[in-house]
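One structure is given here, and the rest of the page talks about it.
Below, chain A is the first sequence line, B the second, and so on; all start at residue 1.
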There are 2 protein chains.
Amino acid sequence: MASSPIPPERRRATIADVAKEAGVSSATAGRALGDYGYVREEIRERVRKAAEDLGYRPNSLARSMITGRTNTIGVVGADIANPFFASAMRGIGDVARRDGFGTILTNSDEDVALEGEAVGLLLQKQVDGIIVSPASSVETDHLAEAAESGTPVVLFDRDVVGLTADAVLTDSVGASRTAVGHLLDLGHRRIAIIAELRAALDMEWRNWIGSAPAPDTRMLMPSGARLLGYIQAHAAAGVPVDPALIRGTGSYDPNAARERTLEVLRLDQPPTAIFTVDNVMTHGAYQACREMGIRIPGDLSFVAYDDMEWMTFVEPNITALSQPVYEMGKVAAEMLIRRLRSPEVEPARRLLDTTLIVRGSTAAPR
Amino acid sequence: MASSPIPPERRRATIADVAKEAGVSSATAGRALGDYGYVREEIRERVRKAAEDLGYRPNSLARSMITGRTNTIGVVGADIANPFFASAMRGIGDVARRDGFGTILTNSDEDVALEGEAVGLLLQKQVDGIIVSPASSVETDHLAEAAESGTPVVLFDRDVVGLTADAVLTDSVGASRTAVGHLLDLGHRRIAIIAELRAALDMEWRNWIGSAPAPDTRMLMPSGARLLGYIQAHAAAGVPVDPALIRGTGSYDPNAARERTLEVLRLDQPPTAIFTVDNVMTHGAYQACREMGIRIPGDLSFVAYDDMEWMTFVEPNITALSQPVYEMGKVAAEMLIRRLRSPEVEPARRLLDTTLIVRGSTAAPR
DNA sequence: CTGAAAGCGCTAACAC
DNA sequence: GTGTTAGCGCTTTCAG
């Protein structure tokens, strides 16, 4: 036999090559390599050897064409550079890998159109399922379409109306009530809140203050839900809400958060406490406080939604509402994979617990 | 007949369905939809209409089987939850999307075996190319194999020996020399360094101190390279290196960094400055300093490799060596895509600039 | 310009 | 157990 040590094989070896090398049919070679059907042990070994020799790598594309499964899950997050999504992605990736799935990652930047494109791309690539943190609670046609066409969708961190799908959520309204309640309990009566509120603005959140019925929680994005919790906490404590203390950035931009915070701190009647509803808002607001030389908690108590490592690095440590983000990612992936295995089970909404970690940044107002 | 409100899983429309609907052959339908070959405008419209009506979605798997391209790039990073990789991933994702590529993300956790598996998975999925931050500078057979079998590899943040591939790097040795030089210039003579050093330990870095020839930079992982810079800076300043001040964690574990830092701070002759070589080490070391009530820069000057947002939140702000991480990700993706378009160009090593940002955490020793 | 037919690499029926 | 034969959905010759 003509020996060529390692032929710079341009074309990758296919199962047919392996079959020929092993002297069996391609079907048998497939069975031996793919662990399906029956193959005599002796032959299995021979095929394996041949595959090894030829440096054979199965082509999952071809396999997927037949089986209809790609063993890939698609993830649409807002921004992987945000630690919240980064942790979640790690949770998703760990579970996915454990169960033999790959993960395709896309960023939506909170843009419904981009999200729609991303979902379309994932569908074309025939992902088995999609985990998405929707950019909108109402414009969700693309998600419904995916779900209906047989690609299950798991909602991450954000619920939507009119779509029956698995979801991994936290009780943002309740958590926010807890966080703001903590400040009210301490005696604060003027509490600022810095939030994105893009969607809530459309919903005229001003109506929530007072006697109007509470909006459907499922229609609210996290920032809106946390504002609702803020309002509910005030109502429960019988403390009136001053709309001047509610500041929306309109986007997840730390600098906008910084500016809104500067504005509110410069009010004639400034707040005695501030509540930031996610890590981006916290970033900007904390920066603003530093710029203005605000003393915490002397001048201002500070509560952040979303705990970050650095919150124990600063003096005083920051009181934070901690979410199990990595766990949320894991659960999302587990729910999706469970659904892939048994499509008929009822869609579920998993609510994970949050914790208020009281640290030094909150104290009674002076 | 039993009415099913939402047909659970109607078969997705194929190009044949569209062709029949439009009254043309599937070849023509393909040409109309896929923007290749010639189609009369009138027909193209008719086909598009039919596709629209049927909710047709091209199956990229089938397309890829023929074209041999998946428009997907694989990324193997150590840990997406680490802000360094998260930012890089964002850069990669942005460029990839712009150029019509999807991204499959996997974590290696600095484990060569896991990395090998990940690369194997990506190869099976027929990714067009791979961006990898190798877990080892020497065990790189799987990378060489990928490259040789026609899947280009771009090295991210870490060079390797014996593999000709595109690479996006920073000059870790030089940057470290700058950072440590800054401390030496301030008059520090006992500077601790906290680094991972798992690979460097194998290389017996103790030999680098003194007159031994410098090791080949390409063999060094970032933590080793930064230690080398530390040693070189000392040599240039004529300051002897005390091995007791060099602490390796052996893994990217903030708690290990915390412990190594506590140890070094409790030395009979403690350091007057500390240099942490990446954000994980910084995290643990800073924590240790807080625990021990160390005053910065009074008791200890602090320099961190890798700038983080919170470094301007703490008092004093931390002097940091800043890397253009997002940019590095973008460049990596650009290099890969360029190679996919023109495979014959010479592999290049792109070195991006780093900057030392001097802040309040460094001062002359007392 | 359009259609018929031949596959891409693999698995799933079906024979033997 | 194993081989033969169809395809999966699409692009690509190659005629016409």
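For the pair A:Lys125 NZ and D:dG9 C1', the computed distance is 16 Å after rounding to whole Å. Spacing between atom CG of B:Leu61 and atom C1' of C:dT11 amounts to 14 Å, rounded to whole angstrom units. At whole-Å resolution of the value, OH in A:Tyr38 and C1' in C:dT11 are 16 Å apart. Distance, A:Arg69 CZ to D:dC8 C1': 14 Å, rounded to whole Å. Distance, A:Gln124 CD to D:dC8 P: 20 Å, rounded to whole Å. Rounding to whole angstrom units, CZ of residue A:Arg12 and P of C:dC8 are separated by 16 Å. Nucleotide C:dG9 holds its C1' atom 6 Å from the CG atom of A:Asn59, rounded to whole Å. The nearest whole Å value for the distance from the OH atom in B:Tyr36 to the C1' atom in C:dG3 is 13 Å.
Nearest-nucleotide assignment on DNA chain D puts the 5′-proximal partner with A:Val24, out of A:Val24 and B:Ala62. Both A:Glu41 and B:Gly34 lie close to DNA chain D; mapped to their nearest nucleotides by heavy-atom distance, the more 5′-ward contact belongs to A:Glu41.
Closest approach to the B:Ile43 side chain among C:dT2, D:dT12, C:dA12 is made by C:dT2 (side chain taken as heavy atoms from C-beta onward). Here the side chain of A:Met65 is nearest to one of C:dG9, D:dT11, C:dA4, namely C:dG9. In the set D:dT2, D:dT11, D:dT12, D:dT11 carries the atom at the smallest distance from any side-chain atom of B:Ile15. Of the candidate nucleotides D:dG3, D:dT11, D:dC8, D:dT11 has the atom lying nearest to any side-chain atom of B:Arg63. Side chain of B:Arg31, nearest nucleotide from C:dC10, D:dG9, C:dA4: C:dA4.
At the phosphate of D:dT2, OP1 or OP2 sits under 4.0 Å from a side-chain N or O atom of A:Arg40. Phosphate contact (OP1/OP2 of D:dG3, side-chain N/O of A:Ser25, threshold under 4.0 Å): present. Residue B:Thr28 has a polar side-chain atom (N or O) positioned under 4.0 Å from OP1 or OP2 of C:dG3.
Remark: A:Glu145 engages B:Arg57 in a salt bridge, criterion side-chain N to carboxylate O under 4.0 Å. No salt bridge links B:Lys49 with B:Glu52; every basic N to acidic carboxylate O contact stays at or beyond 4.0 Å.
Residue side chain B:Arg57 does not reach the base of D:dG9 through any donor-acceptor N/O pair under 3.5 Å, judged by distance alone.
Here the side chains of A:Met89 and B:Met89 are not in contact, with every heavy-atom distance at 4.5 Å or above.
Taking a 6.0 Å sphere around CD of A:Gln124, one finds it holds more than 12 heavy atoms contributed by other residues, nucleotides or ligands.
Side-chain polar atoms of B:Arg12 and A:Thr151 form a donor-acceptor pair below 3.5 angstrom.
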